[in-house]
Protein chains: 2
Amino acid sequence: MPRPRQPRLTRQLIVETATALIDAEGLQAFSTRRLAAELGVRGPSLYNHFATKDEILDAVADAVAVAVDTSGFASRDWAAALLDWAWSYRRALTAHPNIVPYLAQGPRRRPAALAMADAVYGGLVRAGWPPARATHIGAALRYFVAGSALGSFARGFVEDPELYAAHYPHLRQAHRLAEHQQSVDEGAFALGLDALLYGLAAEYARTVGTVESGRPNG
Amino acid sequence: MPRPRQPRLTRQLIVETATALIDAEGLQAFSTRRLAAELGVRGPSLYNHFATKDEILDAVADAVAVAVDTSGFASRDWAAALLDWAWSYRRALTAHPNIVPYLAQGPRRRPAALAMADAVYGGLVRAGWPPARATHIGAALRYFVAGSALGSFARGFVEDPELYAAHYPHLRQAHRLAEHQQSVDEGAFALGLDALLYGLAAEYARTVGTVESGRPNG
DNA sequence: GTCTATAGGTCGATAGAC
DNA sequence: GTCTATCGACCTATAGAC
C-alpha cells in the first residue's frame, strides 16, 4: 500500500510533529522552516493553519497539559488527589522536558492548563482549605513538579572523577550519578513529594480538620 | 571628570553586562552582537576574552551561583541550614529568572555551582543522613527552588475576568493574582518549604535520630 | 585588544501565482 | 492550501589589518 499521496497538514499533525521536534532537538531548533521540513512542506504553508509561531508553541504546550490527570479531586481525599496529580503532572512534563520553560510561564489562555488549575484549586477548597492556602498549595506543587522536569539532577554532574577529587571532596562519587539517573531523579521526587504532603497533612489537622470536620467531596 | 576613554573590556564587565541583558530581555535576546553593542564595542572583540558564546553563559550562570549562601551547613543544624540555603538560593535565582533554564542543566563544570553542591551534600551526610538520602534531599530542594524561580505563579494568570467566568468557575478570582504577585509567590514558597522540612524532620527522627544521635557539626 | 570584512548560514512573515 | 520569491533582518565565528 503506497503512502497517502500528500500528508495534508492539519493542526493536529503540526502539533504532533512540533512536539517531536522540540523533544528531539530543543526549543532553539524549533523554527517554522525546520518544522515545515519535518512535515514535508515549505515554511509558509504552516501559516494557513496557525497565525504565528507562538500560536504553534501554545498548542504544543496545551497538548502536554491535556495528558495530566486531575480526576482524583473528584473521587478521592485531597491528599491522595494531590499525590496522584503530582505524579501524573510529572510524567507529562518529563516526557517533554524541553517545553517546560515555556509552559512555566503559567496557564495564560491555554484551555487545558486552565482546566487543570481549576480542578486542583476547586478540589482543595472543597476539602476545606482556605482559598489563600489552596492557592499556595497549588503553586508549591507546580514549583516542585516543574523544577523536577526542567532538568535531570543526576545528569547535571559530568562523568569525570578527576573533576571532583581535587576540590569537591564530598562529591567524590558524583561522577556515578548519571548511571542511576532514573532512580536518583524519581527517588528525589518521591521523597520530596511525600515530605511535602506529610507537612501539609499536619497543617490540615492543625488548622482545618479541627475547626470543621471537612465537607465530604462532591 | 570625563568618562574613561574606552571602557576596556574585562571578563567581569562582560559578565555583568550579559547578566543585565538577559535579565532585561531574556535568553533569546542574548547574542554576541547584541552584548557587544551594550558594551560599546563590535561583536568580535568579545572573542579576545571568551572562546565561545556558551563560555560567557557559563560565566553568567556561575556568577549567579556565587551569591548563594551555604554557610549554615558549617554552623547550624541540618534543618536550619537547609532552610537558610533554600531561601538564599531562591533569592539568587529570582533575581535572574531568565537564566534559570540554563542553570537547571546542573553544575556541570561550573566552580561555584559545584562548591554549593559540595557544601549541601557534605552538610547532610555529616548530620547523619545516609548518602543516598542526602542526594535525594539536595535534589528535591533544587527542584523546588528552581521551579519557584522559573516563572511566577501569580503572573501566569491573565488579568481578564471574563476569561475565567465562563468555563473555569473556581478561578473566578484568578485575574486578581497578579496584584499580589510577591505575596502569592513567596507565600507558596514558604508554605512548601516549611512542609517539606517538616516532613524531612519526621523522617530524620524516625530513621536517623533514633539509630545514632547525630554527630555534632564540624 | 579592537577593528573591518566576511563566510556561510539562520530566522518570521508576507504577496501573489497556481 | 501549497507553492515560489522575497523582504529585511539576524546569527557565531574567523582572518588579518592596525
Side-chain angles (χ1 to χ4, degrees), chain A residues 2-63 98-99 101-103 105 108-110, chain B residues 2-62 98-99 101-102 105 108-110:
Chain A
R3 301 190 174 192
R5 7 180 38 271
Q6 285 275 60
R8 280 282 247 277
L9 294 184
T10 62
R11 285 179 66 100
Q12 187 188 343
L13 182 59
I14 292 169
V15 169
E16 287 171 2
T17 309
T19 304
L21 175 58
I22 292 168
D23 288 347
E25 309 193 28
L27 268 182
Q28 289 91 341
F30 171 68
S31 69
T32 54
R33 283 166 144 87
R34 190 80 171 68
L35 172 58
E38 297 285 330
L39 285 158
V41 299
R42 306 292 185 163
S45 299
L46 298 169
Y47 290 89
N48 289 305
H49 303 269
F50 291 92
T52 65
K53 179 188 174 183
D54 268 5
E55 217 175 75
I56 304 177
L57 265 178
D58 275 329
V60 169
D62 224 33
N98 293 333
I99 195 73
Y102 190 85
L103 240 146
Q105 293 178 350
R108 303 286 182 102
R109 296 179 175 277
R110 290 182 280 105
Chain B
R3 301 191 171 189
R5 7 182 36 273
Q6 283 276 59
R8 280 282 249 275
L9 294 183
T10 62
R11 285 179 66 101
Q12 187 188 342
L13 181 60
I14 292 170
V15 168
E16 287 171 1
T17 307
T19 304
L21 175 59
I22 292 168
D23 288 346
E25 309 194 26
L27 268 181
Q28 289 90 344
F30 171 68
S31 69
T32 54
R33 279 160 144 86
R34 190 82 172 67
L35 173 58
E38 297 286 331
L39 286 158
V41 300
R42 307 292 187 164
S45 300
L46 298 169
Y47 291 89
N48 289 305
H49 304 268
F50 291 92
T52 65
K53 178 188 173 182
D54 267 5
E55 215 175 75
I56 304 177
L57 266 178
D58 276 330
V60 170
D62 223 33
N98 293 333
I99 195 74
Y102 189 85
Q105 293 177 351
R108 302 289 182 100
R109 294 179 175 277
R110 290 182 281 105

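What you are looking at is a predicted structure, and each value in this text was computed from that prediction instead of being measured. Chain identifiers are assigned alphabetically (A, B, ...) following the order of the sequence lines, protein sequences preceding nucleic acid strands; residue numbering begins at 1 within each chain.
- Taking atom CG of B:L57 as the reference point, atom P of D:dC11 lies 14 Å away to the nearest angstrom.
- Partners of B:R109 by side chain to side chain contact (heavy atoms under 4.5 Å, CB included), not counting sequence neighbours, listed by chain and number: A:V158, A:D160, A:L163.
- For residues 44-62 of chain B, the set of pairs meeting the salt bridge (charged side-chain N to carboxylate O under 4.0 Å, His left out) definition, not counting sequence neighbours, comprises B:D58-B:R110, B:D62-B:R110.
- B:R42 has its CZ atom 11 Å from the C1' atom of C:dT2, to the nearest Å.
- Rounded to an integer number of Å, the gap from CZ of B:R8 to P of C:dC3 is 11 Å.
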What string of B, S and - do you get for nucleotides 12-18 of chain C 5' to 3' if you count protein non-hydrogen atoms under 4.0 Å?
BBB----
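- If you measure from atom CG of B:L39 to atom P of C:dC3, you get 11 Å, rounded to the nearest angstrom.
- Taking atom CG on B:L35 and atom P on D:dA13, their separation rounds to 12 Å, with Å as the unit.
- Within 6.0 Å of atom CD in A:E16, more than 12 heavy atoms from other residues, nucleotides or ligands are found, so the atom counts as buried in its surroundings.
- Atom NE2 in B:H49 sits roughly 6 Å away from atom C1' in C:dG1 (whole-Å rounding).
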Would you tabulate the side-chain donor-acceptor contacts of residues 42-49 of chain A under 3.5 Å, counting partners in other chains and residues two or more places apart, or write 'none'?
{"residue": "A:S45", "atom": "OG", "partner": "A:R42", "partner atom": "O", "Å": "3.4"}
{"residue": "A:N48", "atom": "ND2", "partner": "A:S45", "partner atom": "O", "Å": "3.4"}

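- Separating the CG atom of B:N48 from the C1' atom of C:dT4 is a distance of 14 Å, rounded to the nearest angstrom.
- Residues satisfying the salt bridge (Lys or Arg N to Asp or Glu O under 4.0 Å) test with B:E38, not counting sequence neighbours, are B:R34.
- With sequence neighbours excluded, the residues that form a side chain to side chain contact (heavy atoms under 4.5 Å, CB included) with A:A63 are A:V15.
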